[in-house]
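Taking it in order: structure first as structure tokens, then the write-up.
These numbers were taken from a predicted model, which means no experiment stands behind them.
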Amino acid sequence: MKITLKDGSVKEYAESKAVIDIAYDISEGLARAACAGEVDGEVVDLRTILDKDCTLNILTAREEAGLRVLRHTCSHVLAEAVKNLYPEAKLTIGPAIDTGYYYDFDAAPFSREDLDKIEKEMKKIIKKGAKLERFTLLREEAVKLMEEKGESYKVELIRDLPEDAEISFYRQGEFVDLCAGPHLMSTKGIKAFKLTSSSGAYWRGDSDKAMLQRIYGSAFATKDELEAYLQHLEDIKKRDHNKLGRELEFFTTVDVIGQGLPLLMPKGAKIIQTLQRWIEDEEDNNWGYVRTKTPLMAKSDLYKISGHWDHYKEGMFVLGDEEKDKEVFALRPMTCPFQYYVYKASQKSYRDLPLRYGETSTLFRNEDSGEMHGLTRVRQFTISEGHLIVRPDQMVEEFKGCLALAKKCLTTLGVEEDVTYHLSKWDPNNREKYIGEPEVWEQTEQHIREILTELEIPFVEDVGEAAFYGPKVDINAKNVYGKEDTMITIQWDALLAEQFDMYYIDQNGDKVRPYIIHRTSIGCYERTLAWLIEKYAGMLPTWLCPEQVRVLPISDKYLSYAEKVNQELKANGIWSTVDARAEKIGYKIREARLLKIPYMLVVGEKEEAEGKVAVRSRFLGDEGPKALEEFISAICKEIRTKEIRKIEVQE
């Protein structure tokens, strides 16, 4: 038997060998650090017996695949600790994930104090150093074992396995768990771990099933790596828009109003207003869009024509019952069918196209309660929606234009380097999800592929992520926790014009079906605000800040001059306020900094006498005295050009 190692060297053995034995043969140090093996590209347990020629890579926690095995084992230690402390808890699943691991339990909610107690128990388990032993059972034996342990969720998992599946378990001491592996050889291989949080999670992600309690944790090869990760968690918590956005009074939520229905407070509303006015002006003045304003709801008849009733009804808020009511309405989840009827209101010639309809649309989508999060996943939101009605010969150039507009918006916001492009394709193995023939899908997907390649935009392809009527480009970004959300979408639609009987008259006098591009230029305003809060840690570019300048009089004696400065700022379109409280100037400065205000203008006797202001900014710190006119000229230019200044001094 020839075993080809990672470095290309070959080891020969006359008999079968376990992966761990080969690791010891290579190096005792390597074997002690080993987490798993990679055999012909597949990650396997160290206990795996090799009996034929293959390639072998011994994985340690320094490699991602090895680290996942360590974390998976840590999730089993977590499960054992919970069962020791809370015997009534039921086990479900506990996988490794990119940031660590989690385990879901049917149990009462866990507090931070509970997590600390569980951590102590885990340390005891790890110190004992029990070996992890793999064994298999026949289906009915496996069911009987889990039934005897009272683990009903495990029984369900076993019964759902394919008939020919190997049903394997891992034992560590007295604890046994259903698991495919792989795992470490013993619990002593876990050197550094931490339980980070707990939350609710539905069994199998289904809101109609039981609410479970999920405990998150992480584990690393060394304590230094763990400490660095925990510090990273603290840093990203400071950027979390759900926390920071509330502290800055951008938005709030109220239980009696409902989940996924955030209230934008005056500051947040001001930011959204600024973004909206910018986008509308950009689209209308520079890209040839015309505005529409359409209803927030429609009869079910409209959605039946578009196909949304058959393909998207579960994601809509339906008003009425088709069996009882003469008319059933639904809040709109999109604007496209409405704008189609704007198009159909009059006959169009080939000379009228392309027609670019833009609308700032309020939409409603019935998201699962478990998916709600701050401003990124909500049930009512506002979007920079648009639909381009074009001749087939115009489609490619107009699609490129939509990409160019999206890139301009991203660049202006300073986030162009934070996104990834995805060609979202249909899934030919799930035909009922889509309309149209396979050749149409293949052609349109190829068109988009060629456009992205020509524009030298790196992209990945995602099967099954297309809309039911056409493929699309999704421009995605990750939040501070690493979850990816779609920020901007551009969709190619060669099908819906047929369903809505849309046409134009060509140069020969014939009726021709147009193509349609569904697109956003900045996407959902609420989600974009969340993105910007996290990107800039609340310190938004000056042009977007709801309070751009705060005037700070040193004492009440200079309040009248502070008000005069404030009026001059407002007269120049600058959003400014005066802090007239009888507080010390140091306190006022600290508070303004906490509120992420770009500029503070301190005024006292000298500033009043000379007609100046003492400028403090979050960019350079103390910038010294400046003539008021000079400051106004500089900040107006910064706002007008939408400049993104770098923070060079940390006070």
Check your understanding: So His311 and Phe468, would you call those rings parallel, tilted or perpendicular, with 30° and 60° as cut-offs?
Key -> parallel
Practice item. Quick one: list whatever passes side chain to side chain contact (heavy atoms under 4.5 Å, CB included) with Lys223, sequence neighbours left out. Key: Ala192
Point to revise | Candidate list Val473, Thr489, Asn476, test side-chain contact (heavy atoms from CB on, under 4.5 Å), partner His422, passing option | key: Asn476
Review point. So, Ser384 and Arg519: side-chain donor and acceptor under 3.5 Å apart, yes or no?
Key: no
Exercise for review: Side-chain contact test, heavy atoms from C-beta onward, threshold under 4.5 Å: evaluate it for Glu367 versus Val378 and give yes or no.
Suggested key: no
Under 3.5 Å donor-acceptor pairs involving side-chain atoms of residues 88-99, not counting sequence neighbours:
unit_1 : atom_1 : unit_2 : atom_2 : d
Lys90  : NZ     : Gly150 : O      : 2.8
Thr92  : OG1    : Asp104 : O      : 2.5
Asp98  : OD1    : Arg68  : NH1    : 3.0

Review point. Do any N or O atoms from the side chain of Arg139 and from the backbone of Leu161 form a donor-acceptor pair under 3.5 angstrom?
Key: yes
Review point. Asp45 and Tyr170: side-chain hydrogen bond (donor to acceptor under 3.5 Å, both in side chains), yes or no, with the steps?
Key: CA-CA 11 Å; Asp45 203 286; Tyr170 278 83; 2.4 Å; yes
Point to revise | Under 3.5 Å: donor-acceptor pair, side chain of Thr486, backbone of Ile488 | key: no
Practice item. Verify salt bridge (charged side-chain N to carboxylate O under 4.0 Å, His left out) between Lys425 and Asp462, making sure each step is shown before the conclusion. Key: CA-CA 6 Å; Lys425 307 188 298 184; Asp462 298 331; over 6 Å; no
Practice item. Carefully, step by step, assess Leu296 and Phe364 under the rule side chain to side chain contact (heavy atoms under 4.5 Å, CB included). Key: CA-CA 9 Å; Leu296 300 181; Phe364 305 85; 4.2 Å; yes
Practice item. With sequence neighbours excluded, give me every salt bridge (Lys or Arg N to Asp or Glu O under 4.0 Å) pair touching residues 466-482. Key: Lys472-Asp474
Review point. Do Tyr86 and Phe110 have ring centroids that are under 6.0 Å from one another?
Key: yes
Check your understanding: Counting distance only, does the side-chain N/O of Glu141 pair as donor-acceptor with the main-chain N or O of Leu138 below 3.5 Å?
Key -> yes
Check your understanding: Are the side chain of Glu534 and the backbone N or O of Val480 linked by a donor-acceptor pair below 3.5 Å?
Key -> yes
**Study point:** Check: Lys149 and Val176 side chains under 4.5 Å, non-hydrogen atoms
**Key:** yes
Review point. Got a salt bridge between Lys120 and Asp116, using NZ or NE/NH1/NH2 to carboxylate O under 4.0 Å?
Key: no
**Study point:** Under 3.5 Å donor-acceptor, Asp206 side chain and Asp208 backbone
**Key:** yes
**Study point:** Side-chain heavy-atom pair Phe135, Ile167 within 4.5 angstrom cut-off
**Key:** no
Point to revise | Ion pair check, Lys117 and Glu113, cut-off under 4.0 Å | key: no
Practice item. For Arg332 and Glu385, run salt bridge (charged side-chain N to carboxylate O under 4.0 Å, His left out): C-alpha distance rounded to whole Å, both residues' side-chain angles, the deciding distance at 0.1 Å, then the answer. Key: CA-CA 13 Å; Arg332 66 179 184 186; Glu385 196 163 18; over 6 Å; no
Point to revise | Audit row: Tyr525, Phe381, ring-ring contact (aromatic ring centres under 6.0 Å, His included) steps and yes/no | key: CA-CA 7 Å; Tyr525 285 100; Phe381 56 94; over 10 Å; no
**Study point:** Flag if over 12 foreign heavy atoms under 6.0 Å of CD, Glu42
**Key:** no
**Study point:** Check: Arg171 side chain, Leu132 main-chain N or O, donor-acceptor pair, under 3.5 Å
**Key:** no
Review point. What do the steps show when you test Glu166 against Arg134 for salt bridge (charged side-chain N to carboxylate O under 4.0 Å, His left out), and what is the final call?
Key: CA-CA 12 Å; Glu166 181 182 63; Arg134 185 179 187 272; 2.8 Å; yes
Check your understanding: Does a side-chain heavy-atom distance below 4.5 Å link Asp177 with Lys154?
Key -> yes
Review point. In terms of side-chain geometry, is the basic nitrogen of Glu147 or Lys144 positioned less than 4.0 Å from the acidic oxygen of its partner?
Key: no
Review point. Is there side-chain contact between Arg159 and Val143, with at least one heavy-atom pair below 4.5 Å?
Key: yes
Practice item. May I ask you to test the Ile58-Glu38 pair for a side-chain heavy-atom distance under 4.5 Å? Key: no
Point to revise | Sequence-distant partners of Tyr434, ring-ring contact (aromatic ring centres under 6.0 Å, His included), two or more places apart | key: Trp426, Trp441
Exercise for review: Please step through salt bridge (charged side-chain N to carboxylate O under 4.0 Å, His left out) for the pair Glu151 and Lys83, ending with a clear verdict.
Suggested key: CA-CA 11 Å; Glu151 300 294 356; Lys83 290 295 287 186; 2.9 Å; yes
Practice item. List the steps, then state whether side-chain hydrogen bond (donor to acceptor under 3.5 Å, both in side chains) holds for Glu156 with Trp203. Key: CA-CA 11 Å; Glu156 180 181 331; Trp203 171 232; 3.2 Å; yes
Practice item. Carefully, step by step, assess Asp114 and Ser111 under the rule side-chain hydrogen bond (donor to acceptor under 3.5 Å, both in side chains). Key: CA-CA 5 Å; Asp114 293 328; Ser111 65; 3.1 Å; yes
Review point. Do we see a donor-acceptor contact under 3.5 Å between the side chains of Gln499 and Tyr469?
Key: no
Practice item. Check the pair Asn57 / Leu59 against side chain to side chain contact (heavy atoms under 4.5 Å, CB included), numbers first and verdict last. Key: CA-CA 6 Å; Asn57 179 22; Leu59 298 172; 3.5 Å; yes
**Study point:** Under 3.5 Å: donor-acceptor pair, side chain of Glu526, backbone of Thr376
**Key:** no
**Study point:** Any donor-acceptor N/O pair, Ser306 side chain to His308 backbone, under 3.5 Å
**Key:** yes
Point to revise | Donor-acceptor pair, side chain of Glu119 and main chain of Leu195, under 3.5 angstrom | key: yes
Point to revise | Short side-chain to backbone donor-acceptor contact, Thr48 and Val44, under 3.5 Å | key: no
Review point. Mind checking what makes ring-ring contact (aromatic ring centres under 6.0 Å, His included) contact with Phe250, not counting sequence neighbours?
Key: none
**Study point:** Worked verdict on Met185 versus Arg47 for side chain to side chain contact (heavy atoms under 4.5 Å, CB included)
**Key:** CA-CA 8 Å; Met185 296 297 289; Arg47 303 157 192 78; 3.9 Å; yes
Review point. Between Asp485 and Arg527, is any pair of side-chain heavy atoms under 4.5 Å apart?
Key: yes
Check your understanding: Between Phe105 and Tyr103, does a ring-ring contact (aromatic ring centres under 6.0 Å, His included) hold up when you go through it step by step?
Key -> CA-CA 7 Å; Phe105 304 92; Tyr103 210 111; 4.9 Å; yes
Review point. Is the shortest heavy-atom distance from the side chain of Asn84 to the side chain of Ile125 under 4.5 Å?
Key: yes
Point to revise | Other residues, nucleotides, ligands: >12 heavy atoms within 6.0 Å of Glu174 CD | key: no
Review point. Quick one: ring-ring contact (aromatic ring centres under 6.0 Å, His included) partners of Tyr536, sequence neighbours excluded?
Key: none
Practice item. Show your working on side chain to side chain contact (heavy atoms under 4.5 Å, CB included) between Arg204 and Leu157 and close with a plain yes or no. Key: CA-CA 10 Å; Arg204 293 188 156 181; Leu157 290 172; 3.1 Å; yes
